There are 2 protein chains.
Amino acid sequence: MPAPTTFIQGELKRTIDDRFRVSLPPEMAQAVTDESGSTIVTKERFGCLSLWSAAEWQARQERGVDVIRSKIEAGAMDQRWGEVQRLGRLLSTRSKTVQLANRSRLLIPEGFREFLGVPAGGEIMLIGAVICVELWNPATWLEALTQDMPEFGSLFKELVV
Amino acid sequence: MPAPTTFIQGELKRTIDDRFRVSLPPEMAQAVTDESGSTIVTKERFGCLSLWSAAEWQARQERGVDVIRSKIEAGAMDQRWGEVQRLGRLLSTRSKTVQLANRSRLLIPEGFREFLGVPAGGEIMLIGAVICVELWNPATWLEALTQDMPEFGSLFKELVV
DNA sequence: TTGAATGTGGGTTTTGAGCCCAATACGATG
DNA sequence: CATCGTATTGGGCTCAAAACCCACATTCAA
């Protein structure tokens, strides 16, 4: 997998327009778009979506998917179709490939809107999470913050040291 | 068995028309149709039907049947004729061969409609589950998701490793 | 044979995504 | 302080696809 090209950072508020479009600041847009112009949207947890450069994401995920594909071809899955089916189902809901209009505006796809839980015209938080960009429902963001913030110190130490 | 030609993916909402027809997006339709134009519909669990390329389905099923046949021949089933018979019954009610109109429109067969539990004019979720396409009653889908999603990580690991 | 119910094949309408452009806000710079 | 460039937002237009609707064919039963 190619190492992330940039360290995505920043926190800002944006509004979703009536057509469920969000404009991303140029740095973020650029960071989550690959050469072919594709971006991956994934459901993270209720109230939070994340954006990834398609190339990077696929590198990560396709490695796994390729393994499964070759196992299927080799017949190694014959006893486990049910599980393959179940995993496939989850893969399908979890992520979707999109293109940003004008290389900067995201249309939140059907199915991800309810998950984010922000109505048309509502506000969201845009968070740079180093390796991806996250879209948060402001209420969920606040919760997560108050809950995670106390751990910041120890987490920082843990990852740095 | 022929390996699946494509990795069926995607999640979308569709409505059933007043005659219990659903139009499938081209990729999905193509993926569940074999050269002779046949598709298999199966009852998966209440609130869920699935679609398979007929050729693949039959290949898979025959393999299972072969196992049973050889067990029968070996005398391993002598005490279990009742069960074999019951299995046979289930196999025949469980699935049905259909043709998609215009290579894309599915008529949900009589007997499968109640099983899906969506009325004419209602909505369904179409899910790509890698090796098949599933039709879900939206309510059931939501339940299944909230239940299965947490297992995603471990399931993924299990199948990939 | 006829009529109702069901399947089938178009047509039309409507919705929404993609694309583009205009108006505004904002910031930087001379 | 004026001006220019860039970012953001809103809206209009177009096209494709989904939903809806109707007309015809087929089947089955009375």
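Since this is a predicted model, take the numbers as computed values, not measurements. All chains are named by letter (A, B, ...) in the order of the sequence lines, taking the proteins before the strands, and each is independently numbered beginning at 1.
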Practice problem: Shoot me the first and last contacting nucleotide of DNA chain D against chain B, ordered 5' to 3', at under 4.0 angstrom to non-hydrogen atoms. | Solution: D/dA18 to D/dC21
Exercise. Determine the contact category for A/Pro25: base if any of its heavy atoms lies under 4.0 Å from a base atom, sugar-phosphate if only primed atoms, P, OP1 or OP2 are that close, otherwise nothing.
Key: sugar-phosphate
Self-check item: Lys/Arg N to Asp/Glu carboxylate O, B/Arg63 vs B/Asp66, below 4.0 Å
Solution: no
Self-check item: Annotated protein contacts, base or backbone, on nucleotides 9-20 of chain C with a non-hydrogen cut-off under 4.0 Å, one of B, S, - each
Solution: BB------SBBB
Exercise. Take B/Asp17 and B/Leu24, find for each the nucleotide of DNA chain D with the closest heavy atom, and name the residue whose nucleotide sits nearer the 5' end.
Key: B/Leu24
Quiz item: What does A/Leu100 touch in the nucleic acid at a heavy-atom separation under 4.0 angstrom: a base, only the sugar-phosphate, or nothing?
Solution: nothing
Exercise. Locate the shortest heavy-atom distance separating A/Leu90 from B/Asp148; write the atom from each residue and the value.
Key: CD1-O, 3.7 Å
Quiz prompt | Verdict with supporting geometry, A/Ser23 and A/Ser104, side chain to side chain donor-acceptor pair (under 3.5 Å) | solution = CA-CA 6 Å; A/Ser23 64; A/Ser104 76; over 6 Å; no
Quiz item: What are the two closest heavy atoms between B/Ala55 and B/Asp34, and how far apart are they?
Solution: N-OD2, 3.2 Å
Quiz item: side chain to side chain donor-acceptor pair (under 3.5 Å) between B/Glu11 and B/Trp141: does it pass, once the steps are laid out?
Solution: CA-CA 11 Å; B/Glu11 176 196 33; B/Trp141 172 240; 3.3 Å; yes
Exercise. Could you tell me which non-hydrogen atom of A/Cys48 sits nearest to which non-hydrogen atom of A/Trp136, and how far apart they are?
Key: SG-CE2, 3.5 Å
Quiz item: Please give, in whole Å, the distance from C/dT8 P to B/Phe20 CZ?
Solution: 15 Å
